[in-house]
There are 2 protein chains.
Amino acid sequence: MFFVHLYFIKLTVNQVYMKLQLQIKMNEALFLRNPESSELGKNILKHSIQLIHKSGFETFTFKKLAEDIGTTEAGIYRYFENKHKLLVYLTAWYWGWLEFQISFHTNNINDPIVKLKKVIKLLASAVADDEQTSYINESLLHQIIITEGSKAYLTKQVGEDNKQQFFKPYKDLCAVIGNIILECNPKYKYPKSLGSTIIEMAHFQNFFMNNLPSLTDFGKTKKEAEIVFFLNDLVFSSLKKS
Amino acid sequence: MFFVHLYFIKLTVNQVYMKLQLQIKMNEALFLRNPESSELGKNILKHSIQLIHKSGFETFTFKKLAEDIGTTEAGIYRYFENKHKLLVYLTAWYWGWLEFQISFHTNNINDPIVKLKKVIKLLASAVADDEQTSYINESLLHQIIITEGSKAYLTKQVGEDNKQQFFKPYKDLCAVIGNIILECNPKYKYPKSLGSTIIEMAHFQNFFMNNLPSLTDFGKTKKEAEIVFFLNDLVFSSLKKS
DNA sequence: TATTTATGATAGTATTACTATCTTATAAAA
DNA sequence: TTTTATAAGATAGTAATACTATCATAAATA
């Protein structure tokens with residue numbers, strides 16, 4: 001039922017340059033034609049990220065996207081039913097990618113506290129685009145998710161979309177974080193809610209810091225590192241065994 | 001620059017039935033004609049709340065609203081420039097109303113911890129509609145804010161809107177909560193961020209609980225009281241003086 | 001070589017998001 | 001009381017959005 005999204009990781013181990021292929025499973029119900037299977041599809045992903053980042057999801061249309069790519073509106077509709085599905089696709093890809101980043105960067109860490117700190121840092125820090133990789137600019141995508149991500153589920157269709165498993169990557173990520181939280185303190189009562197709080201606040205505090213700074217304590221420096229400090233304080237106060 | 005929105009509070013003091021008038025200042029730049037100044041205007045507020053609650057902000061149009069009220073599209077446009085302004089108006093009204101609720105219900109409380117607990121309860125609990133009052137159904141509005149509230153600021157125009165003070169009620173509320181937090185612990189470093197976290201999570205955990213329950217620990221009971229427990233635990237662990 | 005498949009080109013429709021104008025009812029000012 | 005603002009209803013119209021349908025062609029595959 002699922003097929004495979006390739007993502008490349010470059011490693012240099014003992015002077016040997018390696019290239020791994022990470023597989024992010026994408027839900028087939030999110031598209032009509034697999035955007036990763038053709039040049040046009042890849043262009044749809046690449047240019048939609050650029051366009052949404054530039055002018056926001058509300059003003060984003062398939063017409064503008066088609067003009068940007070140099071194809072026709074009908075061409076886009078062969079890949080995605082509508083722009084909502086495309087947004088859900090992009091968010092699902094992002095959460096899947098982030099879950100991999102987390103498992104990759106916490107792989108050899110045993111201490112759950114160190115692990116959770118790493119997760120918070122990965123969530124709250126800007127990502128560098130891996131130029132080499134693909135048609136997906138992770139840095140721009142990260143910024144899109146901050147501003148547009150919650151629009152993927154804050155709809156009346158959330159129940160229908162959820163039945164079709166569109167939010168599985170988000171829920172999986174939340175479960176991963178919830179489990180690390182339980183490793184830190186097996187008696188903590190709200191691992192999943194704290195997990196979703198960390199995810200959402202890593203992004204919302206970033207949005208607030210840059211757009212409505214008086215809602216945060218980071219308005220002066222506007223440094224993401226401060227969000228990390230705040231979240232660390234919040235999380236580890238809660239998990240302290242008393 | 002501001003004018004006045006009347007909201008009625010009924011009190012029974014020593015057998016004497018009293019009616020107070022609360023004034024919620026609404027930013028004039030949010031509308032073209034004051035919706036509180038006429039029957040049509042009040043109908044726009046009343047029916048827009050019903051319609052947005054019923055089918056969501058995305059599918060909500062001024063055409064449908066006009067049909068619902070029994071007026072014309074052009075009639076609506078005389079009050080609000082577009083549906084975004086109307087949404088911002090409704091959210092601003094809600095935050096202003098909530099700030100009053102908070103100051104009213106914490107008025108005689110000295111202990112900042114008790115005060116903060118009251119705030120969390122007010123934020124995370126469903127509100128009963130005050131039938132008598134007005135054309136605004138606070139209960140429906142509360143549910144709208146949960147699902148649609150963040151769409152008021154998660155836009156590319158957030159900077160422009162902010163310059164026009166559209167988010168002042170939200171920021172004022174956040175400042176009020178931040179100050180109570182500082183009363184609890186003057187050394188706490190993130191009062192405003194914790195304030196906005198409480199506000200957002202009171203709503204997001206509610207949305208998740210009802211729509212994506214695996215993102216929370218309240219999926220089984222679906223009781224708002226559990227969100228209050230979670231937030232209390234989160235907040236007061238952080239504020240504990242160590 | 002035949003045939004499937006993806007794309008391009010073009011057209012068309014219903015709905016959305018407005019703007020404009022003209023008329024009538026009403027209420028306030030002269 | 002007459003004049004005159006003002007709000008609202010009625011109607012029309014336009015550009016953009018969100019699609020769907022059809023036909024031709026080029027490339028890949030059988």
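Residue numbering restarts at 1 for every chain, and letters A, B, ... go by the order of the sequence lines.
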Practice item. Taking only Lys NZ, Arg NE, NH1 and NH2, and the carboxylate oxygens of Asp or Glu, determine whether Glu67(B) and Lys64(B) approach each other closer than 4.0 Å. Key: no

Point to revise | Carboxylate-amine/guanidinium proximity below 4.0 Å for Glu58(A) and Lys156(B) | key: no

Practice item. Mark up nucleotides 21-30 of chain D, 5' to 3', with B wherever a protein heavy atom is under 4.0 angstrom from a base atom, S wherever such an atom reaches only the sugar-phosphate, and - elsewhere. Key: BB--------

Check your understanding: Which of parallel (below 30°), tilted (30 to 60°) and perpendicular (above 60°) describes Phe204(B) and Phe208(B)?
Key -> perpendicular

Check your understanding: Mind checking whether Tyr153(B) and Phe207(A) have parallel, tilted or perpendicular rings, split at 30° and 60°?
Key ->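 Plane angle between 30° and 60°, so tilted.
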
Atom pair distance, as rounded to whole Å: [atom1] in [X] and [atom2] in [N]:
{"X": "Arg33(A)", "N": "dA6(C)", "atom1": "CZ", "atom2": "P", "result": "4 Å"}
{"X": "Phe62(B)", "N": "dT17(D)", "atom1": "CZ", "atom2": "P", "result": "18 Å"}
{"X": "Ile69(B)", "N": "dA10(D)", "atom1": "CD1", "atom2": "C1'", "result": "16 Å"}
{"X": "Lys63(B)", "N": "dA18(D)", "atom1": "NZ", "atom2": "C1'", "result": "16 Å"}
{"X": "Glu67(A)", "N": "dA16(D)", "atom1": "CD", "atom2": "C1'", "result": "12 Å"}
{"X": "Asn82(A)", "N": "dT15(C)", "atom1": "CG", "atom2": "P", "result": "17 Å"}
{"X": "Lys42(A)", "N": "dT7(C)", "atom1": "NZ", "atom2": "C1'", "result": "16 Å"}
{"X": "Asn43(B)", "N": "dG9(D)", "atom1": "CG", "atom2": "C1'", "result": "15 Å"}

[X] vs [N]: side-chain N/O to OP1/OP2 distance below 4.0 Å:
{"X": "Thr71(A)", "N": "dG8(C)", "result": "yes"}
{"X": "Tyr79(B)", "N": "dA7(D)", "result": "no"}
{"X": "Ser38(A)", "N": "dT7(C)", "result": "yes"}

From the list [options], which nucleotide is the closest neighbour of the side chain of [X]?
{"X": "Glu73(A)", "options": "dT17(D), dT10(C), dC19(D)", "result": "dC19(D)"}
{"X": "Thr72(B)", "options": "dA8(D), dT16(C), dA10(D)", "result": "dA10(D)"}
{"X": "Tyr77(B)", "options": "dA17(C), dG8(C), dA10(D)", "result": "dA17(C)"}

Exercise for review: Tell me what Glu81(B) touches on the nucleic acid: a base, only sugar-phosphate, or nothing, going by heavy atoms under 4.0 Å.
Suggested key: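 Sugar-phosphate, no base atom in range.
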
Review point. Is Phe80(A) touching bases, backbone alone, or none of the nucleic acid, heavy atoms closer than 4.0 Å?
Key: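 Nothing: the residue Phe80(A), judged by heavy atoms under 4.0 Å, touches no strand.
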
Exercise for review: Apply ring-ring contact (aromatic ring centres under 6.0 Å, His included) to Phe62(B) and list each qualifying residue two or more places apart in sequence or on a separate chain.
Suggested key: Tyr77(B)

Review point. Between Tyr79(B) and Leu86(B), is any pair of side-chain heavy atoms under 4.5 Å apart?
Key: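 In short, these two side chains do not touch, never coming nearer than 4.5 Å.
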
Practice item. Indicate yes or no for a side-chain donor-acceptor contact from Lys83(A) to the backbone of Phe60(A) under 3.5 Å, with no hydrogens or angles considered. Key: yes

